[in-house]
Amino acid sequence: MLREPRYDLVTSPTPLRRLSGFERALGRPGLFIKRDDLMEIGLGGNKLRSLEFWLGAALRERADIVLVAGGATSNLCRLTAAAASVAGLDCLIVHNAEDSPADRERSFLNRLFGAETRFIGPVGEEERGAATKAAAEELKRKGRAPYIVGDAVLGALGYVLAAFELHEQSQREATPLRHVVLAGSMGPTEAGFIFGNAMLGHPFQVHLVSVEYEKAELEDRIRLVHDGIGQRTGLSVGRLDQAPLHYHMGHLGGGWGVPTPESEAAIIAFARTEGILVEHVYTAKTCAGFLDLVVNGGIPPGEPACIIHTGGTAALFSQREQFRTLS
Ligand SMILES: Cc1ncc(COP(=O)(O)O)c(C=O)c1O
């Protein structure tokens, strides 16, 4: 279906499980979670699905080292380091973070996976991108073959396939899923899922809980990647504004990475009701949005709903001081 080369990292479908604790507590059946945090490599997460395509491209180009950029706790960086080690590629990580003991500790797993880490200070995304390109040029001059990880459209293909995987699992349930709740952030995961959903004929109402941007910017980012998938694959799925897509902006609070009382409550509720860990930046607000929709009627009773746990749980271990109600 997708012609791009793919390096196998997500070896089997991730579990689709009932949230039976919440079903009991809320008195309604049909609540599910898709465990994309349960994968075999590097603690898993959404970026591993993208890395199947990025590493596929890197290997096709005969790269011998992958470069990736992100903050000290970046899930993309951690999973790139882990996946590169599996694929036999070297990995260089450019962190836009201080070279401080605290940030070195936050990026420890990257070095455990064998990556080289460079700390370029707390610069913005643009400067970080330029530093990464410069590092790739420097490697080329030394005779290396670098590949920079992160092409949004290519990475999004992982979630086109995830939509198919979830649909297949959903069809095995007595009442198939009707609603899927997902974090709204930089766009590739969402755009890929929406594109896959369209290819399937829109079985799911897709709910995006914004954790990073205001609505206009989130929409723009998703549209750009969504249209890019069409161009790259040659597949045509119709217009994005006709897709069954719902934006939920009420959980953004103070913005990316800033907890809200509801997101903290959601972390605690998922831990104590389901034994499932979620972290402050991406999944807590998505869980808060999911519970809000289920409790307050945004997702009507009788219509089965699923939240996608996109991973990131490793960050929880450096987030203890962000809890207001727990020590
Ligand atoms: C755990 C987790 N969930 C969700 C996202 C959002 O994915 P995207 O950037 O594709 O919107 C990220 C992005 O880094 C992530 O690490």
Side-chain angles (χ1 to χ4, degrees), residues 37 45-47 69-78 95-98 100 102-103 105-107 119-129 152 181-191 206-225 245-273 276-296 298-299 307-327:
D37 59 322
N46 57 336
K47 299 297 177 194
T73 53
S74 157
N75 298 307
L76 171 62
C77 291
R78 185 187 76 261
H95 281 310
N96 53 335
E98 298 287 1
S100 64
D103 276 340
E105 189 177 324
R106 290 188 186 108
S107 104
F119 294 79
I120 61 167
V123 301
E125 255 176 58
E126 214 166 289
E127 205 173 317
R128 180 178 80 183
V181 180
L182 187 58
S185 184
M186 300 275 275
T189 304
E190 306 89 294
V206 180
H207 299 263
L208 301 180
V209 180
S210 180
V211 303
E212 188 153 5
Y213 298 110
E214 296 298 342
K215 187 167 179 234
E217 173 145 19
L218 178 58
E219 279 180 319
D220 283 351
R221 283 178 174 268
I222 290 173
R223 183 170 304 107
L224 204 66
V225 183
L245 183 55
H246 312 272
Y247 289 90
H248 302 284
M249 306 307 300
H251 293 273
L252 189 52
W256 186 85
V258 183
T260 62
E262 294 77 16
S263 69
E264 177 163 334
I267 296 180
I268 295 170
F270 269 73
R272 296 185 184 173
T273 313
I276 292 174
L277 294 176
V278 296
E279 53 68 59
H280 278 297
V281 182
Y282 295 102
T283 43
K285 287 178 181 174
T286 313
C287 288
F290 173 78
L291 292 177
D292 187 4
L293 285 164
V294 166
V295 170
N296 295 317
I299 295 179
I307 178 170
I308 300 186
H309 189 325
T310 47
T313 313
L316 191 57
F317 297 96
S318 53
Q319 292 176 346
R320 198 160 55 87
E321 69 281 5
Q322 292 184 35
F323 283 89
R324 294 280 163 83
T325 62
L326 283 178
S327 59

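Owing to the predicted nature of the structure, the values given are computational and were not obtained by experimental measurement.
In this structure, Glu262 CD and Lys285 NZ are separated by 10.0 Å, a value rounded to the nearest 0.5 Å. If you take CD1 on Ile222 and CG on Leu208, they are separated by 5.0 Å, rounding to the nearest 0.5 Å. Ile299 CD1 to Ile307 CD1: the interatomic distance, rounded to the nearest 0.5 Å, is 9.5 Å. Annotation: the span from Ser263 atom OG to Leu252 atom CG amounts to 11.0 Å, rounded to 0.5 Å. To the nearest 0.5 Å, atoms OG (Ser100) and CZ (Arg106) are separated by 7.0 Å.
Asn96 has its side chain out of reach of Pro122: every pair of non-hydrogen atoms, C-beta onward, lies at least 4.5 Å apart. You'll find the side chain of Phe270 reaches within 4.5 Å of the side chain of Leu291, heavy atoms only. In this structure, Leu182 and Thr286 have side chains that are not in contact, with every pair of non-hydrogen atoms separated by 4.5 Å or more. Using a 4.5 Å heavy-atom cutoff, the side chains of His251 and Asp292 are in contact. In this structure the side chain of Pro188 reaches within 4.5 angstrom of the side chain of Met186, judged on heavy atoms. Under the 4.5 Å side-chain criterion, counting only non-hydrogen atoms from C-beta, Val281 is not in contact with Val211.
Between the side chains of Asp103 and His95, no donor N or O sits under 3.5 Å from an acceptor N or O. Using modelled atom types and a 3.5 Å distance limit, the side chains of Thr313 and Asp37 yield no donor-acceptor pair.
Judged purely by atom type and a 3.5 angstrom limit, His309 uses its side chain to pair as donor or acceptor with the backbone of Leu277. The backbone N or O of Ser185 lies less than 3.5 Å from a partner atom in the side chain of Glu190, making a donor-acceptor pair. Side-chain atoms of Glu214 do not come within 3.5 Å of backbone N or O of Ala216 as any donor-acceptor pair. A donor-acceptor pair under 3.5 Å is formed between the side chain of Glu264 and the backbone N or O of Arg324.
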Worksheet item: Is there a side-chain contact (heavy atoms from CB on, under 4.5 Å) between His248 and Leu293 once you walk through the steps?
Response: CA-CA 9 Å; His248 302 284; Leu293 285 164; 3.4 Å; yes
Item to complete: Could you walk me through whether Phe323 and His280 pass ring pair (Phe, Tyr, Trp, His ring centres under 6.0 Å), step by step?
Response: CA-CA 9 Å; Phe323 283 89; His280 278 297; 4.6 Å; yes
Worksheet item: What do the steps show when you test Thr73 against Ser107 for side-chain contact (heavy atoms from CB on, under 4.5 Å), and what is the final call?
Response: CA-CA 6 Å; Thr73 53; Ser107 104; over 6 Å; no
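For the pair Arg221 and Glu217, the salt-bridge criterion is met [side-chain N within less than 4.0 Å of a carboxylate O].
The heavy-atom pair separating Gly71 from Arg128 by the smallest distance is N-NH1, 4.1 Å. In this structure, Cys287 and Ala266 approach most closely via the heavy-atom pair CB-CB, 4.0 Å. Nearest heavy-atom pair across Gly312 and Asn75 is CA-OD1, 3.2 Å.
The aromatic rings of Tyr282 and Trp256 sit perpendicular, their planes meeting at an angle over 60°, well past the 30° parallel limit.
With Thr283 as reference, Val278 is the one residue of Val278, Val209, Ile276, Leu316 to meet the side chain to side chain contact (heavy atoms under 4.5 Å, CB included) rule.
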